[in-house]
Amino acid sequence: MKGEKKNTRPVSADTVVVLDFETTGLSPDLGERPIEVGAVLLEAGRIIDRFQSLMNPGKRINSFIEGYTGISNAMVRKAPPCAEVMAEFAQFIQAHNLVAHNASFDQKFLDAEFGRINCQRQGDFACSMLISRRIYPDAPNHQLGTLVGYKRLKSDGIFHRALADAEMAAHLWVALLGDIENRYRISRIPFPVMRKLARTPKASADPWLWQYSRSHADVKAKP
DNA sequence: TGCCAGGCCCTCTTTAGGGCCTT
């Protein structure tokens, strides 16, 4: 698929790229590589562009990953190499801020692959999983698929494929923003505040958000 | 041959251990 069109959307406070990697394993430090990347560009809570590509990791995919993702060695054999795909992906994400579910995982792989092609990430990462743990403490668990069901979010029923997971994470991100803004009566919560929320100790996240709400009363009232 | 990550978060904690989450 790649980008539906060349992404020239200007970076703004209202744009964020939600991304997901499928990989050969858990850690690039152990030589694992991506086999697929999927991402969507959100603008003011709406998906306005998509990116998806398989890539050839230059190593065999083990049977667990083949079963887990449905991505086979035969599928990636004819795919472009990681370096080519990641160079295109860098054009897609530009300097937009980034979101992923368990972002530390995707950040590791993105930075490792960008390092291989001498490319530098400009946007900051926020983690929908860490924020979900703070905003949805009563969810059965905080796996992406569970949260999609818990919040009755849109899903095409495909899991563990990069674009499908990125789209679900995007819907979750929009739900988080809406629920925080409604619960704490904040008109628009900035991306840096979401990043700070993810790093706020879980037990103090609720009072911290109320404090933030009170200190930003000038933007509290919704039209 | 067998094993391999790492940050977060809770608790039977803090001089630690184990589950969660990502593939």
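Letters A, B, ... mirror the listed sequences (proteins, then strands); counts begin at 1.
- B:dC4 sits 14 Å from B:dG19 when the P atoms are compared, rounded to a whole Å.
- The distance between atom CG of A:Asp111 and atom C1' of B:dG7, rounded to the nearest whole Å, is 15 Å.
- Listed by chain and residue number, A:Phe109 satisfy the ring pair (Phe, Tyr, Trp, His ring centres under 6.0 Å) test with A:Phe105 (two or more places apart in sequence, or in another chain).
- The gap from the C1' atom of B:dT13 to that of B:dG17 amounts to 9 Å, rounded to the nearest Å.
- When each of A:Arg134 and A:Ser27 is assigned the nucleotide of DNA chain B with its nearest heavy atom, A:Ser27 is the one assigned upstream, toward the 5' end.
- Rounded to a whole Å, the CD atom of A:Gln107 is 11 Å from the P atom of B:dG7.
- At whole-Å resolution of the value, CG in A:Leu197 and C1' in B:dC8 are 14 Å apart.
- The salt bridge (Lys or Arg N to Asp or Glu O under 4.0 Å) test applied to A:Arg60 returns no partner, not counting sequence neighbours.
- For A:Phe64, the ring pair (Phe, Tyr, Trp, His ring centres under 6.0 Å) partners are A:Tyr68, not counting sequence neighbours.
- No hydrogens or angles considered: nothing links the side chains of A:Thr23 and A:Glu32 as a donor-acceptor pair under 3.5 Å.
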Report all side-chain donor-acceptor pairs from residues 190-199 of chain A shorter than 3.5 Å, counting only partners two or more places apart or in another chain.
| residue | atom | partner | partner atom | Å |
| --- | --- | --- | --- | --- |
| A:Arg195 | NH1 | A:Phe125 | O | 2.5 |

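- Distance check on atom C1': B:dT15 versus B:dT22 gives 31 Å, rounded to whole Å.
- A gap of 13 Å separates the P atoms of B:dG18 and B:dT14, to the nearest Å.
- The same atom, P, is picked in B:dC3 and in B:dA16; the two are 25 Å apart, to the nearest Å.
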*Quick one: what's the B/S/- string for nucleotides 18-23 of chain B, heavy-atom cutoff under 4.0 Å, read 5' to 3'?*
--BBBB
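- Between A:Tyr212 and A:Tyr184, a ring centre-to-centre spacing not shorter than 6.0 Å is recorded.
- Taking atom CZ on A:Phe125 and atom P on B:dG6, their separation rounds to 18 Å, with Å as the unit.
- B:dG2 and B:dC20 are spaced 27 Å apart, taking the P atom of each and rounding to whole Å.
- Applying the side-chain hydrogen bond (donor to acceptor under 3.5 Å, both in side chains) test to A:Gln107 and every residue at least two apart in sequence or in another chain returns nothing.
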